[in-house]
There are 2 protein chains.
Amino acid sequence: MAKPSKENSPITEHLAYLLAQANREINRQLELRLSKEGVPVEQWRILKVLSDGNGHSMGELADAVLLNHPTLTKMIDRMVSDTLVYRVQDPNDRRKVLMFISDRGKVLCKRLNSLAVDQEEHILESYGDKSTSELKRLLESLIDSSN
Amino acid sequence: MAKPSKENSPITEHLAYLLAQANREINRQLELRLSKEGVPVEQWRILKVLSDGNGHSMGELADAVLLNHPTLTKMIDRMVSDTLVYRVQDPNDRRKVLMFISDRGKVLCKRLNSLAVDQEEHILESYGDKSTSELKRLLESLIDSSN
DNA sequence: TTGAAAATATTGAATATTCAACAATTGAAG
DNA sequence: CTTCAATTGTTGAATATTCAATATTTTCAA
C-alpha cells in the first residue's frame with residue numbers, strides 16, 4: 001500500500017488555501033454591502049481605526065489596516081480629497097504625520113458600520129453563533145502564534 | 001449603563017478582518033518560501049491543480065485558484081512562455097481552452113510542494129495539530145455555508 | 001434551419017499596487 | 001557638537017489587476 005504523502009494532497013487541503021478562499025468569499029460579501037456607499041473595504045477599515053478620535057501615524061495605520069505604506073499614502077490622498085480624513089504633522093516627531101477622521105468621515109463611518117453589522121449577522125445566521133466565535137478564537141490564536 | 005453596541009466594536013473583532021489578517025500572514029510566509037524558486041503563490045496553485053494530469057478549462061482554473069479570468073489569462077501567458085504549462089483547444093467545445101502541465105512544470109511543482117509542506121509543518125509546530133485541523137474544519141464549513 | 005442569447009476566453013484601456021529611490025527628521029555614537 | 005545610521009512618509013516608474021468591450025462558439029427556441 002502506498003504511503004500517503006503530504007506533497008500530493010490537493011490544494012484544497014492546505015491551510016493557506018482555505019484561508020485565501022474564506023477570506024475571498026467573506027470579503028466579497030462585505031465589498032458588496034459597502035458598495036452601496038461607494039466605499040472600498042480598506043477605506044472602511046481606515047475610518048474605523050481613526051474613529052477613536054486619536055491621531056494615528058501612517059505607519060501605525062498601515063499595520064492596522066493591512067496595507068503597504070505607498071498604497072496607504074495614495075488611498076489617504078483620495079480620502080483627504082473627499083474630506084473624510086485629514087493630515088496633521090506630529091508636533092513631537094516631525095517625520096510623522098498624524099491622521100484624523102473628519103466629521104463627514106464619522107457620519108459615513110456610522111453608515112458603513114451598520115452595513116458591516118448586517119453582514120456579521122448574516123454570517124451568524126447561516127454559519128451559527130458557536131462556529132463563528134470558535135473560528136474567531138482560532139484565528140486570533142493563529143495570528144498570535146505567527147509573531 | 002450603556003448598551004454595548006456591535007457598531008462600536010473594534011475592527012479587530014470582525015470576522016472579515018481576522019480572516020484578512022490571518023490570510024495575509026500565512027500567505028506572506030508561503031510567498032517567502034516559494035520565492036526561493038522565484039514563483040508566486042498563484043502559479044504554485046495553478047501547477048498543483050493541473051498536476052492531476054487532466055486538462056482544465058480556464059474558467060474552471062480561475063475558480064480553483066481564486067483568480068479573475070483576465071488575471072489568469074495573463075498569468076498563464078507567462079507560464080506558457082516559461083514552458084510550465086500549455087494550451088490545447090477543447091475538441092468537444094471549441095470555445096474552451098484546456099490547460100495542461102508540462103514535464104518541466106511537474107518537476108517545478110514537486111520542488112514547490114516540498115516548500116509548501118515545510119510551511120505547513122512549521123505551522124503545525126507553532127500552532128498545534130489540534131488547532132490546525134479544527135481551524136481547517138471550521139473554514140471548510142464557513143465556505144460551504146457561504147454558497 | 002435560423003437567429004438570438006448564453007458561455008468562454010482574450011484584449012486594451014483605466015486603475016491600483018508595488019518596488020526602489022528619495023527627502024526630511026530624529027537618534028545616538030564618538 | 002557633529003556625523004552617520006535609522007525611522008518615517010512620499011514619489012515615480014514598473015507591474016499587476018480590473019473593467020468593459022470583443023470575438024468565437026455553442027445552445028436553444030421558434
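First the proteins, then the strands, lettered A, B, ... as listed; each starts at 1. When reading the values below, keep in mind they use all heavy atoms of this one structure, side chains included, and skip hydrogens, waters and symmetry mates.
Rounded to a whole Å, the CD atom of B/Glu42 is 14 Å from the C1' atom of D/dT15. B/Asp90 has its CG atom 11 Å from the C1' atom of C/dT8, to the nearest Å. Atom pair B/Gln43:CD and D/dT17:C1' shows a separation of 15 Å (rounding to whole Å applied). Put simply, CG on A/Asn92 is 17 Å from C1' on C/dA24, counting in whole angstrom units. Atom C1' of nucleotide D/dT18 and atom CD of A/Glu31 are separated by 11 Å, given to the nearest angstrom. The separation between A/Glu60 atom CD and D/dT7 atom C1' is 15 Å, rounded to whole Å. Rounded to whole Å, atom C1' of D/dT8 lies 17 Å from atom NE2 of A/His56. Atom CE in B/Met58 sits about 17 Å away from atom P in D/dT25, given to the nearest Å.
Under the 3.5 Å distance criterion, with hydrogens and angles disregarded, a donor-acceptor pair is assigned to the side chains of A/Glu25 and A/Gln29.
Taking the screw axis at each terminus of the helix from C/dT1-D/dA30 to C/dG30-D/dC1 from five consecutive base pairs, the angle between the two is 20° to within rounding of 10 degrees.
Salt-bridge annotation for A/Arg28 and A/Glu31: absent, with no side-chain N of the basic residue lying under 4.0 Å from a carboxylate O of the acidic one. Ion pairing of A/Arg137 with A/Glu134 is present here, as a side-chain N (NZ or NE/NH1/NH2) and a carboxylate O approach within less than 4.0 Å. Under a 4.0 Å N-O distance rule, the pair A/Arg87/A/Asp77 qualifies as a salt bridge. A salt bridge is defined here as a Lys NZ or Arg NE, NH1 or NH2 lying under 4.0 Å from an Asp or Glu carboxylate O, and B/Glu42 with B/Lys74 fails to meet this definition.
Residues passing the side-chain hydrogen bond (donor to acceptor under 3.5 Å, both in side chains) test with B/Arg78, sequence neighbours excluded: none.
Note: A/Tyr86 and A/Phe100 have parallel aromatic rings, judged against thresholds of 30 and 60 degrees for the angle between ring planes.
At least one donor-acceptor pair closer than 3.5 Å links the side chain of A/Ser133 to the backbone N or O of A/Lys130.
Remark: B/Asn68, B/Pro70, B/Thr71, B/Lys74 in residues 63-78 of chain B come within less than 4.0 Å of DNA chain D through at least one heavy atom.
Side-chain atoms of A/Arg95 and base atoms of D/dT7 include a donor and an acceptor less than 3.5 Å apart.
Hydrophobic clustering, with ILVMFWY side chains joined whenever heavy atoms are under 4.5 angstrom apart, groups A/Leu115 together with B/Ile11.
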